[in-house]
Novice: 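Have a look at this one.
Worth knowing before you read on, the calculation uses all heavy atoms, side chains too, and leaves out hydrogens, waters and symmetry mates. The chain is numbered in sequence order, starting from 1. One-based numbering, in listed order, for ligands and for the atoms of each. Since we're looking at a predicted model, the values are computed, not measured.
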Amino acid sequence: MTTPNPEVHGPLSRSDFGDEFQWGCSTSAFQIEGGASEGGRVPSIWDTFCETPGKIRDASNGKVACDHFHRWPDDMALAQSLGLNAYRFSISWPRIFSARGAAPNEEGLAFYSDMIDGMLARGLVPWVTLYHWDLPQYLQDQGGWTNRDTVAAFVEYADVVTKRLGDRVKNWITHNEPWCTAIHGNLDGMHAPGIKSVPTALQVCHNVLLSHGLAVPVIRANVPGARVGIALSLHPVEPASDSVADRDAVVRHDAFRNRWFLDALYGRGYPSVPMTMLGKDAPHIAPGDMEAIAVRTDFLGVNYYFPEVVKHDAEGGFLETTVVLPEGRQRTDFGWEVAPAGLTALLARIAREYDAGDLYVTENGSCYDDHPDAAGNVADSARRDYLVRHLHAVRAAREQGAPVKGYFAWSLLDNFEWSEGYLRRFGIAYVDFETQRRTLKSSGQWYKGFLRG
Ligand code: IFM
């Protein structure tokens, strides 16, 4: 199957990526499930955040979302119809434990167990994320991720879930985008729990990584043949100008955006800059933490959306940098730059600089506000083009030697886009949130044609 614009992009076929390549879509529990008070689920920090006036742009919440809690068989059938062989989703921690020290909620475990059976029956390899931002509120009430007991609670949660589901699930992702958990949740306050504090954000960041490190051996012990990793949001960084100050700003920005995570996970510790700049705001690191964080993993999940352009700015927070948006670049409706070459460069860089094992693009997608036309079709040509060009970028990275073994489009469905509510559509299938009807967009049709050859 060739791309829709072969004259622009050249031919691309599924077979270019080999038989073992994982082709999927990614989703997350809070963004699609709904069923917020069903099946023994208790509130998460996102339920609380949604109830706080002014936090969500359209004042919406995740109570119903895509109603995936009830409609998952149809959604899995949709995924199967696309020709996917994998599906990435997250488990809602508040569905599994209703209080610290409580017994696991059997109904919650059964929900995911049934869904996993449904995936396997449809030829979809399950890829499970344990934490995609929906911390139980009762844990936030005792300090959330700043409290090391939350680290212990996460490891217990990982233990229960992997013991119960590990007979069928082999691919485990501990955390999704710890940068967002830490920074959006605790520095800029855009995400739940909405805190704005440098030391809190840095401690959260450290404790989240620690919980990853401590959970990995537990998952391995529970799951024969487990493959365990973490999914990071990573961004190529470029200078706003050729000045020395801006080029130095790139080094600092990259050191926190990317290397803070990569260096720590692959045994180099946190980069000395910005650590030295943090002073008293630096995280408390207990003996043995860094060794735990650097536990061996099997793969790295790379979530790629856009590169960042930065300039030096003495007022620009602890990094003294500001992200700028140069004119004249192609952008999605969210303002994110469309830069497929950044994905190739990023994957090649990770392969060159880190011993990360296999790489999976665990998220990549674009936000455009397309709606059905009079005939009911959703002609999202910009999203289709984004998908085509980024698949070319993945193939280019493989040709450069990066061991990229899978691609998961974000997202299967339009969904709850965090503080933007339902105003930002990332799905390759359109969701009418009034009727819950799903309509495959042109991008989804292209993906299906490509996958089915
Ligand atoms: O919707 C999010 C997802 O939850 C995490 N990665 C980025 C996506 C788009 O913003």
Side-chain angles (χ1 to χ4, degrees), residues 24-34 44-47 49-50 55-58 60-62 65-66 68 87-93 127-135 173-185 188 190-193 205 208 229-236 257-258 261 300-308 323 331-339 342-343 346 360-370 380 382-383 386-387 390 407-431 433 443:
C25 282
S26 278
T27 61
S28 92
F30 191 81
Q31 292 179 273
I32 64 168
E33 277 181 7
S44 76
I45 53 174
W46 272 94
D47 296 282
F49 200 62
C50 290
K55 297 297 183 192
I56 310 297
R57 214 148 69 83
D58 60 0
S60 63
N61 56 53
C66 303
H68 178 76
Y87 178 73
R88 174 179 175 230
F89 65 103
S90 78
I91 290 186
S92 165
W93 189 348
W127 285 69
V128 173
T129 308
L130 286 166
Y131 187 76
H132 199 125
W133 309 351
D134 46 355
L135 187 72
I173 294 171
T174 53
H175 281 270
N176 185 68
E177 301 180 352
W179 185 95
C180 293
T181 304
I183 301 303
H184 285 332
D188 62 36
M190 269 172 53
H191 284 185
C205 199
V208 165
I230 188 168
L232 302 178
S233 47
L234 298 169
H235 303 255
R257 235 346 183 162
N258 302 312
F261 302 90
L300 175 67
V302 176
N303 292 3
Y304 173 75
Y305 289 89
F306 56 92
E308 284 185 334
V323 174
R331 296 185 186 280
T332 68
D333 287 353
F334 214 164
W336 294 358
E337 184 177 337
V338 179
L343 178 55
L346 180 63
Y360 292 84
V361 178
T362 35
E363 284 184 30
N364 174 241
S366 56
C367 164
Y368 292 102
D369 194 28
D370 298 299
D380 62 336
R383 183 178 291 98
Y386 182 102
L387 176 60
H390 284 78
Y407 177 90
F408 294 77
W410 183 270
S411 184
L412 179 65
L413 305 171
D414 293 336
N415 58 49
F416 177 80
E417 177 56 25
W418 308 112
S419 50
E420 298 286 315
Y422 296 95
L423 301 175
R424 302 291 185 187
R425 292 178 177 269
F426 277 90
I428 59 170
Y430 181 87
V431 177
F433 292 106
S443 55

Novice: Considering distance alone, does some N or O of Trp336 sit under 3.5 Å from an N or O of ligand 1?
Specialist: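 N/O-N/O distance below 3.5 Å does not exist for this pair.
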
Novice: Heavy atom under 4.0 Å from ligand 1: found in Asn415's side chain, backbone, both, or neither?
Specialist: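 None of Asn415 does.
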
Novice: How many angstroms lie between CD1 in Ile91 and OH in Tyr131, if you round to the nearest 0.5 Å?
Specialist: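 Spacing of CD1 (Ile91) from OH (Tyr131) equals 14.5 Å.
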
Novice: Look at atom 8 (C) of ligand 1 and say which protein heavy atom is nearest, naming residue and atom and giving the distance to 0.1 Å.
Specialist: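 Sorting protein heavy atoms by distance from atom 8 (C) of ligand 1 puts Tyr305 OH, 3.4 Å first.
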
Novice: Output the list of atoms in ligand 1 that are nearer than 4.0 Å to some heavy atom of Asn176, sorted by atom number.
Specialist: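 Atoms satisfying the 4.0 Å criterion: 5 (C).
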
Novice: Between Arg424 and ligand 1, find which residue part has any heavy-atom pair under 4.0 Å and reply side chain, backbone, both or neither.
Specialist: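 Answer for Arg424: neither.
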
Novice: Any donor-acceptor pair under 3.5 Å linking the side chain of Arg425 with the backbone of Tyr430?
Specialist: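 Not confirmed, Arg425 side chain does not pair with Tyr430 backbone.
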
Novice: Any N or O on Trp418 sitting closer than 3.5 Å to an N or O of ligand 1?
Specialist: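 The answer is yes, given that Trp418 and ligand 1 share an N or O pair closer than 3.5 Å.
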
Novice: So how far is it from Glu337 CD to Phe306 CZ, rounded to the nearest 0.5 Å?
Specialist: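 Between Glu337 CD and Phe306 CZ, I get 9.5 Å after rounding to 0.5 Å.
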
Novice: Between Tyr305, Tyr304, Trp410, which is the residue that forms a side-chain hydrogen bond (donor to acceptor under 3.5 Å, both in side chains) with Glu363?
Specialist: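 When Tyr305, Tyr304, Trp410 are each tested with Glu363, the side-chain hydrogen bond (donor to acceptor under 3.5 Å, both in side chains) holds only for Tyr305.
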
Novice: Please step through side-chain contact (heavy atoms from CB on, under 4.5 Å) for the pair Glu177 and His184, ending with a clear verdict.
Specialist: CA-CA 11 Å; Glu177 301 180 352; His184 285 332; over 6 Å; no

Novice: Around atom 7 (C) of ligand 1, find the nearest protein heavy atom and jot down its residue, atom name and distance.
Specialist: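 Answer, as residue, atom name and distance: Glu363 OE1, 3.3 Å.
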
Novice: Taking atom types as modelled, find out whether Asp58 and Tyr422 have a side-chain donor-acceptor pair closer than 3.5 angstrom.
Specialist: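 No - no donor-acceptor pair under 3.5 Å links their side chains.
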
Novice: Between Ser28 and ligand 1, does any nitrogen or oxygen pair lie at a separation below 3.5 Å?
Specialist: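 No.
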
Novice: Taking N or O atoms only and a 3.5 Å limit, does His132 qualify as a polar contact for ligand 1?
Specialist: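 The answer is yes, given that His132 and ligand 1 share an N or O pair closer than 3.5 Å.
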
Novice: Nearest protein heavy-atom contact for atom 1 (O) of ligand 1: which residue, which atom, what distance?
Specialist: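 Heavy-atom neighbour on the protein nearest atom 1 (O) of ligand 1: Glu417 OE1, 2.6 Å.
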
Novice: Phe416 vs Trp133, test: ring pair (Phe, Tyr, Trp, His ring centres under 6.0 Å). Steps then yes/no.
Specialist: CA-CA 13 Å; Phe416 177 80; Trp133 309 351; over 10 Å; no

